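So the structure is just underneath, and the comments pick up after that.
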Amino acid sequence: MEEERSQNGPRLYERIYAAVRQIPVGRVATYGQIARLVGGCSAQMVGFALAALPNGSDVPWQRVINAKGKISPRGIGFGSLIQRTLLEEEGIVFMQDEIIDLNTYGW
DNA sequence: AGATTGACTGCAT
DNA sequence: CATGCAGCCAATC
């Protein structure tokens, strides 16, 4: 297990989760955006944190996408399909290649 | 303590 | 537009 003892109060993961929770409905943010917002961590850490996220958590991980405005590949399967559906439920419209217009929906 | 990996990013080819 | 390479930092082996 990861070193659960942190000295800053909220763990690094918790900080990332907090940032993701701040994304308003109908908006999306990139990993890099979250990483910069949290500070002291890189985009890859954001993905790592979300990957460790338990199912049914209150963190809108679906609103976090990559810099291309697409859903992260995250392996093959339904995961990305579920994410796309969730975003559409929130009012986000995808373009032809399943790309999200960050210029419009970007946080 | 060291090597490997990863839901990333950006530039180069 | 697809593929490759380097930088990135923490978790995991």
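Side chains included, hydrogens not; waters and symmetry mates left out as well; all remaining heavy atoms used. The sequence lines fix the lettering, A, B, ..., with proteins before strands; numbering per chain opens at 1. None of the values given here were measured: they were computed from a predicted structure.
For the pair A/Tyr31 OH and B/dC8 P, the computed distance is 6 Å after rounding to whole Å. If you measure from atom CD1 of A/Ile16 to atom C1' of C/dC9, you get 10 Å, rounded to the nearest angstrom. Atom CE in A/Met45 sits roughly 18 Å away from atom P in C/dG7 (whole-Å rounding). When the P atom of C/dA2 is taken as reference, atom NZ of A/Lys68 falls 12 Å away, rounded to whole Å. Between the CG atom of A/Leu53 and the P atom of B/dA7 there is a distance of 14 Å, rounded to whole Å. Taking atom CD1 of residue A/Ile34 and atom C1' of nucleotide B/dC8, one finds them 13 Å apart after rounding to whole Å. Across the protein-nucleic acid pair, A/Tyr13 atom OH and C/dA10 atom C1' stand 7 Å apart, rounded to whole Å. Atom CZ of A/Phe48 and atom P of C/dT12 are 6 Å apart (whole Å).
Rounded to the nearest 0.5 Å, atoms CD1 (A/Ile16) and CD1 (A/Ile34) are 9.0 Å apart. To the nearest 0.5 Å, atoms CD1 (A/Ile99) and CD1 (A/Ile71) are separated by 11.0 Å. Once rounded to the nearest 0.5 Å, the distance linking CD of A/Glu98 with CD1 of A/Ile65 reads 12.0 Å. One distance of note links OH of A/Tyr31 with SG of A/Cys41; it measures 13.0 Å at 0.5 Å rounding.
The side chain of A/Trp61 approaches B/dA7 more closely than any other nucleotide in the set C/dC8, B/dA7, C/dA10. Closest contact between the side chain of A/Leu50 and the listed nucleotides C/dA10, B/dA7, B/dT9 involves B/dA7. Nearest to the side-chain atoms of A/Ala67 among the listed nucleotides C/dC9, B/dT9, B/dC8 stands B/dT9. Among C/dG7, B/dT9, C/dA10, the nucleotide with an atom closest to any side-chain atom of A/Gln44 is C/dG7.
A/Ser72 has a side-chain polar atom (N or O) that falls below the 4.0 Å cut-off from OP1 or OP2 of B/dC8.
Paired with A/Arg15 under the rule side-chain contact (heavy atoms from CB on, under 4.5 Å), one option of A/Val20, A/Leu37, A/Val38 passes, and it is A/Val38.
A/Ala51 comes within 4.0 angstrom of a nucleotide base, judged by non-hydrogen atoms across all strands.
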